[in-house]
Number of protein chains: 2
Amino acid sequence: MKKCCKDSEGWQGKFHGYGYRMTVAREVILDLLSNTDKHMSAEDIYMKIHETHPNIGLTTVYRTLEVLSDMALVFKLDIGDGRARYELAESPKKPNHHHHLVCTGCRKIVDYSDFIDQEVKLLQDTEKGLSKKYNFKITNHLIQFYGLCGACSARA
Amino acid sequence: MKKCCKDSEGWQGKFHGYGYRMTVAREVILDLLSNTDKHMSAEDIYMKIHETHPNIGLTTVYRTLEVLSDMALVFKLDIGDGRARYELAESPKKPNHHHHLVCTGCRKIVDYSDFIDQEVKLLQDTEKGLSKKYNFKITNHLIQFYGLCGACSARA
DNA sequence: CTATTAATGGAAATGATTGTCATTAATAAC
DNA sequence: GTTATTAATGACAATCATTTCCATTAATAG
């Protein structure tokens, strides 16, 4: 009996741990996000996987992204236009911690990891202080800089 | 001839500087945001001002908030549910720089300004570095921590 | 005070996301 | 491997925040 998914990354156990099943759609979407450095919207993802898996619907893409966010495999990102973007979360196997620099003109997103070390250090301290003072269980943070990229700046 | 608006804060000139007119709706909304520490959505604002100005429509609220954001009098805030919130931007007259701690359970927002000094220092350096390296004209930044507040944590 | 034109309001349109429900497929039990 | 169980799916409809349209009103210039 053929297994549903090849599970090359060892994700199956993780799905089971959360009480989820491993399915083709979930694997395809994880694969796609694993192999891009873009910040794709649900529709971007739908269009891309539609090329090879025309049977996967947009609704499923949305639901899958929600599941993956819930499992913290994927990070949902909001850059201020009305549509969410998704990127693979960092993991021990694939450390890629970065923050975002967003052009408010063309919505270009630059991932930067310069300065990250000091930022992370400060964030950890802040997180600890905030947790205690406000009794929050902090799960993650968002840092974004907004501005105009060179092209948009020139165009303005 | 009666002037449209009392302009107690000296906003009129600022509107004119941007080529906008000073109107009742704009003044009322600015007043409201000046006197609250809440993070109100467009609809919250509409409902509130509707009590005293039932002739101001929701569409105008949206348009006004866009104008005010454009003038940097108001800051548009996104906390991850599908609706934007607005708060008065900090100004020399009313310095209130803070960042946000957002409960992903109940969407409660805590404004904190602890640790702000170190954060601001680091952010300025980062901003300068990023500006140069990526040729961005950075206009603002967003820092948010996400987690569960005490109540939601207990409930979970 | 009148002319000009931005601003407005209400209704309709848009567009991302979510809900519904009958069908399919992944896993568990045998 | 076969069957039973139940989560996951897909197509469509529904929702809901935000925008667009357009005829009317009101802020400012002259």
Side-chain angles (χ1 to χ4, degrees), chain A residues 1-7 11-30 39-47 49-50 53-71 74 76-86 107, chain B residues 1-7 11-30 39-47 49-50 53-71 74 76-86 107:
Chain A
M1 170 207 194
K2 189 158 60 66
K3 287 282 288 291
C4 149
C5 305
K6 61 181 189 302
D7 188 29
W11 284 317
Q12 180 135 16
K14 184 136 195 177
F15 277 99
H16 288 184
Y18 277 84
Y20 292 126
R21 291 177 181 177
M22 178 78 166
T23 69
V24 177
R26 291 171 183 178
E27 193 197 15
V28 169
I29 292 174
L30 266 177
H39 305 82
M40 305 179 84
S41 68
E43 184 137 23
D44 292 338
I45 293 169
Y46 168 73
M47 305 259 269
I49 66 178
H50 192 79
H53 293 78
N55 51 321
I56 296 178
L58 181 55
T59 305
T60 296
V61 172
Y62 273 105
R63 274 185 301 225
T64 299
L65 289 169
E66 193 185 339
V67 165
L68 297 179
S69 295
D70 183 46
M71 293 167 66
V74 155
K76 183 177 181 176
L77 176 64
D78 207 311
I79 64 166
D81 60 352
R83 101 191 44 189
R85 316 298 174 98
Y86 300 84
R107 302 288 166 189
Chain B
M1 169 205 193
K2 190 157 59 65
K3 286 282 288 293
C4 150
C5 305
K6 60 181 188 307
D7 189 27
W11 283 319
Q12 179 135 15
K14 184 136 193 176
F15 277 100
H16 287 182
Y18 277 85
Y20 292 126
R21 292 177 181 175
M22 177 79 165
T23 69
V24 177
R26 291 172 183 177
E27 193 197 16
V28 169
I29 292 174
L30 265 178
H39 306 82
M40 305 178 84
S41 68
E43 185 138 24
D44 292 338
I45 293 169
Y46 168 73
M47 305 258 270
I49 66 178
H50 192 80
H53 293 78
N55 51 322
I56 297 177
L58 180 56
T59 304
T60 297
V61 173
Y62 273 106
R63 271 184 303 224
T64 299
L65 289 169
E66 191 185 341
V67 165
L68 298 179
S69 295
D70 183 45
M71 293 167 66
V74 155
K76 184 177 180 178
L77 176 64
D78 207 312
I79 64 165
D81 59 353
R83 99 191 44 191
R85 317 298 174 100
Y86 299 84
R107 301 287 166 189

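Throughout, a chain's letter reflects where its sequence line sits, starting with A, and its residues are numbered from 1.
In terms of polar N and O atoms assigned as donor or acceptor, the side chain of Thr59(B) comes within less than 3.5 Å of the base of dA11(C) in a complementary pairing.
Glu66(B) has its CD atom 9 Å from the C1' atom of dT19(D), to the nearest Å. For the pair His16(A) NE2 and dA7(D) C1', the interatomic distance rounds to 11 Å; values are reported in whole Å. Distance Tyr18(B) OH to dA7(C) C1': 19 Å, rounded to the nearest Å. In this structure, the CG atom of Asp44(B) is 15 Å from the P atom of dC16(D), given to the nearest Å. Summarising the geometry, the separation between CG on Leu58(B) and C1' on dT14(C) is reported as 15 Å, rounded to the nearest angstrom. Taking atom CG of residue Asn55(A) and atom C1' of nucleotide dT23(C), one finds them 14 Å apart after rounding to whole Å. Rounded to whole Å, the distance from NZ on Lys76(B) to P on dA17(D) is 14 Å. If you take CD1 of Ile29(A) and P of dT9(D), they are 8 Å apart, rounded to a whole angstrom.
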- request: Dump the intermediate steps for side-chain contact (heavy atoms from CB on, under 4.5 Å) on Ile49(B) and Val61(B), then the final yes or no.
  value: CA-CA 10 Å; Ile49(B) 66 178; Val61(B) 173; 4.0 Å; yes
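Listed nucleotides dG10(D), dA17(D), dA26(C) differ in distance to Arg83(B); the shortest reach to its side chain belongs to dA17(D). The side chain of Thr23(B) lies closest to dA27(D) when the candidates are dA27(D), dT28(D), dT27(C). For Thr64(B), taking side-chain heavy atoms from C-beta onward, the closest of the listed nucleotides dT9(D), dA17(D), dT8(C) is dT8(C). Of the candidates dA8(D), dT8(C), dT17(C), dT17(C) carries the atom nearest the Ala84(A) side chain, counting heavy atoms from C-beta on. For Arg21(A), the listed nucleotide lying nearest its side chain is dA26(C); candidates were dA26(C), dC21(D), dT18(D). Across dT18(D), dG19(C), dT27(C), the shortest atom-to-atom separation from the side chain of Ala42(B) is found for dT18(D). Closest contact between the side chain of Tyr62(A) and the listed nucleotides dT28(D), dT27(C), dT18(C) involves dT18(C). Listed candidates were dT18(D), dA7(C), dT27(C). Nearest to the side chain of Tyr20(B) is dA7(C). With distances taken from any side-chain atom of Arg63(A) to the nucleotides dC21(D), dA7(C), dC21(C), the minimum falls on dC21(C).
Minimum heavy-atom separation, Arg107(B) to Gly80(B): NH1-C, 3.7 Å.
The main-chain N or O of Arg21(A) is found under 3.5 Å from a side-chain atom of Arg26(A) such that the two form a donor-acceptor pair. Of the possible polar contacts, none joining the Asp70(B) side chain to the Val67(B) backbone as a donor-acceptor pair under 3.5 Å is found.
Here Gln12(B) does not reach the OP1 or OP2 of dA27(D): none of its side-chain N or O atoms lies under 4.0 Å away.
The aromatic rings of Tyr20(A) and Tyr18(A) lie parallel to each other, their planes meeting at an angle below 30°, with 60° marking the opposite boundary.
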